[in-house]
Undergrad: 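Got a structure for you, questions after.
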Amino acid sequence: MTSPLIPSLNGRTAIVTGASRGIGLAIAQTLAAGGANVVLTSRTKENAEEAAKQVEGPGTAVGFQAHATDEDAARACVAFAIERFGSLDILVNNAGTNPAYGPLIDIEKSRFAKTFDTNLWGPILWTSLAVKAWMGEHGGSVVNTASIGGIHVAPNLGVYNASKAALIHVTKQLALELAPKVRVNGVAPAVVRTKLAAALFEREEEVAGSYPLGRIGEPEDVSAAVAFLASDAAAWITGETLVIDGGALLGQAGV
Ligand SMILES: NC(=O)c1ccc[n+]([C@@H]2O[C@H](COP(=O)([O-])OP(=O)(O)OC[C@H]3O[C@@H](n4cnc5c(N)ncnc54)[C@H](OP(=O)(O)O)[C@@H]3O)[C@@H](O)[C@H]2O)c1
C-alpha cells in the first residue's frame, strides 16, 4: 500500500537524471514507492545499475547511462523508457554540477560553460525530447532541481547560483509554453546531505544553526516534494519552484 505521504503514481513512467546517489536516488526511490516505474540515469552504466538495485517497489527501477548534456544518449533514454514501460509521464531534471567555485571575476570560461551546460541546457534538452516523444501528445509533468542559490546570492557560488536562477526562470518559461498538456515545476533546496554539498556541511553545526528548523536537509526532504509536484495532487500547479530549506531564506543563511 502506498504511504499516505506519497501520492499514487501507479502506472506512471518517470526518468530521473543524475539518480545514482544523493537527491536523485531519493527521488527515484520515492517515485517507485508511489508505484511509478523509474529510469535512473548516471554518467556510468555501473553507477546507474547499482542505483536501480537500491530502489524498492512497487514500481520497477532500471539504470541507464546518459550524460545530461549528451543529446544522443538523452534521446536513447527517452525512447528506452517509452519502449520498456509504455509511456513517459514524469521527467525529473535533477543532474547538476558545480565545478566553478570562487569569485565571479576569476572564473574560467570552460567552468562557466560546463556549469551552464549541465545545469541549464540539460533540463531544456531533456524536456524538449520528452515533450516531442510523448508528453506533448499525452501530457506529463516535469520537475527541475534548482537551489535556493538561484534565489539569493552567496560568496564563491556565483556561477552555480546564476545557473540555478536561470533554471527557475526557464521552469516558468517552459510552464507557459507547454501548458495545458505539460506542467513544469521546480524545487529549490538549501544544503542537503549529499556528496555535492559535502564541503558546505563540513561546518554542519554552524549551517544547521543558521536554519530556523535547526538542521540541514536530507535527500528525502526533497524527494517527497518532487513526488507531490509530479503527481496529480499538484494538477493545478505549474511554473512554481518550491523552496525546501528548513526556513533558511527567512533568516540570514550564509549558504
Ligand atoms: N546537496 C545540496 O545541498 C543541493 C542543494 C540545492 C540543489 N542541489 C541540486 O540537487 C541536484 C542533485 O545534487 P546532489 O546534491 O544529490 O549531488 P550528488 O550527490 O553529487 O549527486 C549528483 C548526481 O548527478 C549525477 N551526475 C552528475 N553530473 C551528471 C551529468 N553531467 N550527467 C548525468 N548525471 C550526472 C551523479 O551521478 P554519476 O556521478 O554516477 O554520474 C549523481 O547521481 C543537483 O542539481 C544540485 O545542484 C543540491
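Read the numbers this way: they start at 1 and go in the same order the structure lists the ligands and their atoms. Keep in mind it's a predicted model, so treat the numbers as computed, not measured.
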Undergrad: What about P189: any of its N or O atoms under 3.5 Å from an N or O on ligand 1?
TA: no
Undergrad: Enumerate the atoms of ligand 1 whose separation from the nearest heavy atom of T145 is less than 4.0 angstrom.
TA: 9 (C), 10 (O), 11 (C), 45 (O)
Undergrad: So which of T17, T127, T171 actually passes side-chain hydrogen bond (donor to acceptor under 3.5 Å, both in side chains) with N93?
TA: T127
Undergrad: Could you tell me, atom by atom, which parts of ligand 1 come under 4.0 Å of a heavy atom of G22?
TA: 16 (O), 19 (O)
Undergrad: Can you check which of E46, K45, R43 brings a heavy atom nearest to atom 26 (N) of ligand 1?
TA: R43
Undergrad: Any idea which part of A51 is under 4.0 Å from ligand 1, heavy-atom wise: side chain, backbone, both or neither?
TA: neither
Undergrad: State whether the side chain of Y211 and the backbone N or O of G217 hold a donor-acceptor pair below 3.5 Å, judged by distance alone.
TA: no
Undergrad: Out of I23, D245, N94, who gets a non-hydrogen atom closest to atom 11 (C) of ligand 1?
TA: N94
Undergrad: Report the distance from atom CG of L31 to atom OG of S223, rounding to the nearest 0.5 Å.
TA: 8.0 Å
Undergrad: Please classify the A146 to ligand 1 contact at 4.0 Å (heavy-atom distances, strictly less than): side chain, backbone, both or neither.
TA: backbone
Undergrad: Nearest heavy atom to atom 31 (N) of ligand 1: which of E50, R21, H67, R193 does it belong to?
TA: H67
Undergrad: Minimum heavy-atom separation for Q54 to Q29, with atom names?
TA: O-NE2, 2.9 Å
Undergrad: Between CD1 of I216 and CZ of R203, what distance do you get to the nearest 0.5 Å?
TA: 11.5 Å
Undergrad: Using 0.5 Å steps for rounding, measure from the CG atom of N185 to the CG atom of L174.
TA: 11.0 Å
Undergrad: Just need the protein heavy atom nearest to atom 43 (O) of ligand 1, so name the residue and atom and give the distance.
TA: S20 OG, 2.7 Å
Undergrad: Using a 4.0 Å heavy-atom cut-off, say whether N47 meets ligand 1 through its side chain, its backbone, both or neither.
TA: side chain
Undergrad: Looking only at distances, please establish whether an N/O atom of ligand 1 is found under 3.5 Å from an N/O atom of A197.
TA: no
Undergrad: Determine, for R111 against D106, whether the closest basic-nitrogen to carboxylate-oxygen distance falls under 4.0 angstrom.
TA: no
Undergrad: Are any of the side-chain nitrogens in E71 or R75 under 4.0 Å away from the carboxylate oxygens of its partner?
TA: yes
Undergrad: Any idea which part of A66 is under 4.0 Å from ligand 1, heavy-atom wise: side chain, backbone, both or neither?
TA: backbone
Undergrad: Can V142 and M135 be said to form a side-chain contact (heavy atoms from CB on, under 4.5 Å), step by step?
TA: CA-CA 10 Å; V142 177; M135 293 182 179; 4.0 Å; yes
Undergrad: Short list, please: which atoms of ligand 1 are under 4.0 Å from a heavy atom of A19?
TA: 43 (O)
Undergrad: From atom 15 (O) of ligand 1, work out which of T194, L25, I148, T41 has a heavy atom at the shortest distance.
TA: T194
Undergrad: Do T13 and S87 have side-chain N/O donor and acceptor atoms under 3.5 Å apart?
TA: yes
Undergrad: Which of the atoms of ligand 1 are close to S42, meaning less than 4.0 Å from one of its heavy atoms?
TA: 38 (P), 40 (O), 41 (O)
Undergrad: With heavy atoms of V191 as the reference, note each atom of ligand 1 found under 4.0 Å away.
TA: 3 (O)
